[in-house]
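What follows is a single structure, written as C-alpha cells, with notes after it.
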Number of protein chains: 2
Amino acid sequence: MTTLGYAILGLLAREGLSGYDLTQRMKGRVGYFWSARHSQIYPELARLEDGGFVTHSVVEQRDRPDKKVYEITDVGLEALKDWVTEPPPEKPTRDELTLKAYSVWLADGEEAARVFRAEGLKHEEQLARYEEIRSWMEDEWREDLSSPGSPHFASYATLQRGIIHERGYAEWCRWLAEAVGGEISISGRGEA
Amino acid sequence: MTTLGYAILGLLAREGLSGYDLTQRMKGRVGYFWSARHSQIYPELARLEDGGFVTHSVVEQRDRPDKKVYEITDVGLEALKDWVTEPPPEKPTRDELTLKAYSVWLADGEEAARVFRAEGLKHEEQLARYEEIRSWMEDEWREDLSSPGSPHFASYATLQRGIIHERGYAEWCRWLAEAVGGEISISGRGEA
DNA sequence: GCACTATATGTAAGTATTGACATATGGTAC
DNA sequence: GTACCATATGTCAATACTTACATATAGTGC
C-alpha cells in the first residue's frame with residue numbers, strides 16, 4: 001500500500017467521496033499534509049478497490065455527470081488503523097528555499113532580501129488563514145477537541161501542525177531577509 | 001536544470017568534490033535541506049558537465065581508487081547565482097506523520113502516544129545536534145556570521161532553518177502525544 | 001449556436017527518486 | 001587467504017509524481 005492510498009483511506013474513513021471530491025480535498029492540502037492530482041488519484045482508487053480496501057457505487061445526477069462514490073470497507077478501516085501506529089519511515093526533507101539560502105552568499109543582498117521577504121509574507125498569510133480556521137474549529141467543535149477518538153480532534157491536530165510549521169517558516173524568512181538585506185524598502189526611509 | 005543540479009552546484013561553489021564526496025554530504029542532509037543517493041548524483045554530474053556547468057579532473061590516489069574531482073565553472077556559478085533569487089515554485093508539503101495524525105482518531109490512544117512521543121524524541125535529538133553545531137559555528141565563524149557574502153553565513157542560515165524546523169516539530173509531537181495518550185509511561189507512576 | 005466553466009473520469013508520456021545490481025582498489029581483522 | 005569494510009563509480013528497473021492529452025455532461029453568458 002502506498003502513502004497516497006492511506007491518504008485516500010483517511011478521507012474515506014470520514015465520508016464517502018468520489019474521485020473528483022478527493023481531488024478537491026487533496027489540492028489545497030487543507031488541514032493535512034498530503035496532496036495529489038486526479039491523474040494519481042483515479043488509478044490509486046482502482047488499486048484500493050482491487051485490494052478490497054474500498055468499494056464504489058455509481059450515483060446518477062440530474063444536472064451533472066454521474067459519479068462513482070467510494071466507501072471504505074472494514075478491511076480498509078483496519079489497514080488504516082494499523083498504519084497510524086506504525087512508525088513512519090524516515091523520508092528526507094527537501095526544501096528548495098532552504099537550498100537557495102545555502103547559496104545566498106553569491107547573490108545580491110537586496111535581491112535576496114526581496115525573495116525571502118516575499119516568501120515570508122506567503123507563510124504569514126497561510127498562517128493567518130490557518131488561525132482563522134482554528135478559531136472556527138474551537139467555536140464549533142469545542143467538545144470534540146478534547147476527544148482523541150473524534151475525527152474533528154484529528155483535523156484539529158493536523159491544523160495545529162500547519163500553524164506551527166507556518167509560524168516557524170515565516171519567522172526564519174523574516175530573520176534571513178533582515179540579515180541579508182537589512183532595510184525594508186518603504187519609500188521615504190532608508191539610505192539610497 | 002533540476003533542483004538537484006543546483007544542490008550540487010551549491011556544494012561545488014564552495015569546494016571541489018568527487019561524486020563520492022557529494023554523496024556523503026547529501027546523505028545526512030547536514031546543514032541544508034536536500035538529499036540524494038549516488039545513483040542520482042553520478043548521472044546528474046554528467047549532465048552538468050554536458051551543459052558546461054562543471055568540469056572534472058582525475059586525481060590518482062595511493063591507498064584508494066582514483067577519483068574524479070568536479071569543479072564549478074563560471075557558467076555554473078552564474079547559473080547558481082541567478083537561481084538563488086528566482087522565486088521558488090510552490091511544491092506541496094508531504095509529511096507522513098501529519099497524515100497519520102489525520103487518522104489518529106481510529107487508533108488506540110496509548111499506542112498512538114508512543115509513536116508521537118518517539119518521533120518527538122527524534123526531533124529533540126536532532127535539535128540538540130543542530131544546536132551544538134550552531135554553538136560551534138558561533139565560536140569559530142564569529143565575524144563571518146554577520147557577512148551575508150560569506151558561505152559560512154549561508155551555512156549558518158540553513159542550520160537556523162533546521163533548528164526552527166526541529167523545534168516546532170518536536171513541540172507538536174509532544175503536544176499531540178500528550179493529547180491522545182496523556183500519561184508518560186514511567187513505571188511506578190500513572191494508573192493501570 | 002458558441003465559448004466557457006464546473007463537474008466528472010480516465011490515459012499516457014515524462015521526470016524525479018529509490019533500491020538493487022555491478023565492479024574495482026586497498027586496507028584491517030581473523 | 002578470506003571475509004569484511006570504506007572508498008570510488010557506475011547502470012538499471014521500479015516507483016512516485018507531474019504535465020499533458022482526452023472525453024463527456026450540463027449549466028451560464030453572449
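Lettering follows sequence order; numbering is per chain, from 1. These numbers come from a predicted model, not from an experiment.
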key: Spacing between B:Leu45 atom CG and D:dT11 atom C1', to the nearest angstrom   = 15 Å
Scan nucleotides 16-22 of chain D against the protein and return all N/O pairs shorter than 3.5 Å with their distances rounded to 0.1 Å.
{"unit_1": "D:dC17", "atom_1": "OP2", "unit_2": "A:Gln40", "atom_2": "NE2", "d": "3.1"}
{"unit_1": "D:dC17", "atom_1": "O3'", "unit_2": "B:Arg94", "atom_2": "NH2", "d": "3.3"}
{"unit_1": "D:dT18", "atom_1": "OP1", "unit_2": "B:Arg94", "atom_2": "NH2", "d": "3.2"}
{"unit_1": "D:dT18", "atom_1": "OP2", "unit_2": "B:Arg94", "atom_2": "NH2", "d": "3.2"}
{"unit_1": "D:dT19", "atom_1": "OP2", "unit_2": "A:Arg37", "atom_2": "NH1", "d": "3.0"}
{"unit_1": "D:dT19", "atom_1": "OP2", "unit_2": "A:Arg37", "atom_2": "NH2", "d": "3.1"}
{"unit_1": "D:dT19", "atom_1": "O4", "unit_2": "A:Ser39", "atom_2": "OG", "d": "2.6"}

message = How many whole angstroms separate atom CD of B:Gln24 from atom P of D:dT7?
response = 6 Å
task = Grab the CD-P distance between A:Glu44 and C:dT11 for me, whole Å please.
result = 14 Å
request  = Write down the distance between CG (B:Leu22) and C1' (D:dT7), rounded to a whole number of angstrom.
outcome  = 14 Å
query = Mapping B:Pro43 and A:Arg62 to their closest nucleotides on DNA chain D, which lands nearer the 5' end?
reply = B:Pro43
Flag for A:His56-A:Glu71: side-chain donor and acceptor within less than 3.5 Å = no
ask   = Just how far, in rounded Å, is C1' of C:dA8 from CG of A:Asp63?
value = 13 Å
request  = Take the protein atom OH of B:Tyr20 and the nucleotide atom P of D:dC5, then report the distance between them rounded to whole Å.
outcome  = 13 Å
key: Donor-acceptor contact below 3.5 Å, side chain A:Arg94 vs main chain B:Ser35   = yes
inquiry  = Looking only at the aromatic ring of each residue, does the gap between the centers of B:Phe153 and A:Trp105 stay below 6.0 angstrom?
reply    = no
inquiry  = Which nucleotide wins on minimum distance to the side chain of B:Pro65, given the candidates C:dA8, D:dG10, C:dT25?
reply    = C:dT25
inquiry  = Closest approach to the side chain of B:Tyr70, judged atom by atom: which nucleotide of C:dG10, D:dG10, D:dA26 is it?
reply    = D:dG10
ask   = Does a donor on one side chain sit under 3.5 Å from an acceptor on the other, for B:Arg37 and B:Gln40?
value = no
query = Separation of A:Glu96 atom CD from C:dT17 atom C1', in whole Å?
reply = 15 Å
key: Between B:Tyr169 and B:His165, ring centroids under 6.0 Å   = yes
inquiry  = Nearest whole Å is fine: how far is C:dA6 P from A:Arg64 CZ?
reply    = 12 Å
ask   = Within the pair A:Gln61 and D:dT25, is there a side-chain N or O less than 4.0 Å away from OP1 or OP2?
value = no
request  = Check for a donor-acceptor pair, side chain of B:Lys100 on one end and backbone N or O of A:Trp83 on the other, with a separation under 3.5 Å.
outcome  = yes
message = Check this one for me: any side-chain N or O of A:Tyr42 less than 4.0 Å away from OP1 or OP2 of C:dG10?
response = no
message = Taking 4.0 Å as the cut-off, does a side-chain nitrogen or oxygen of A:Lys68 come that near to OP1 or OP2 on C:dG10?
response = yes
message = For the backbone of A:Arg47 and the side chain of A:Asp50, can you confirm whether one donor and one acceptor N or O come within less than 3.5 Å of each other?
response = no
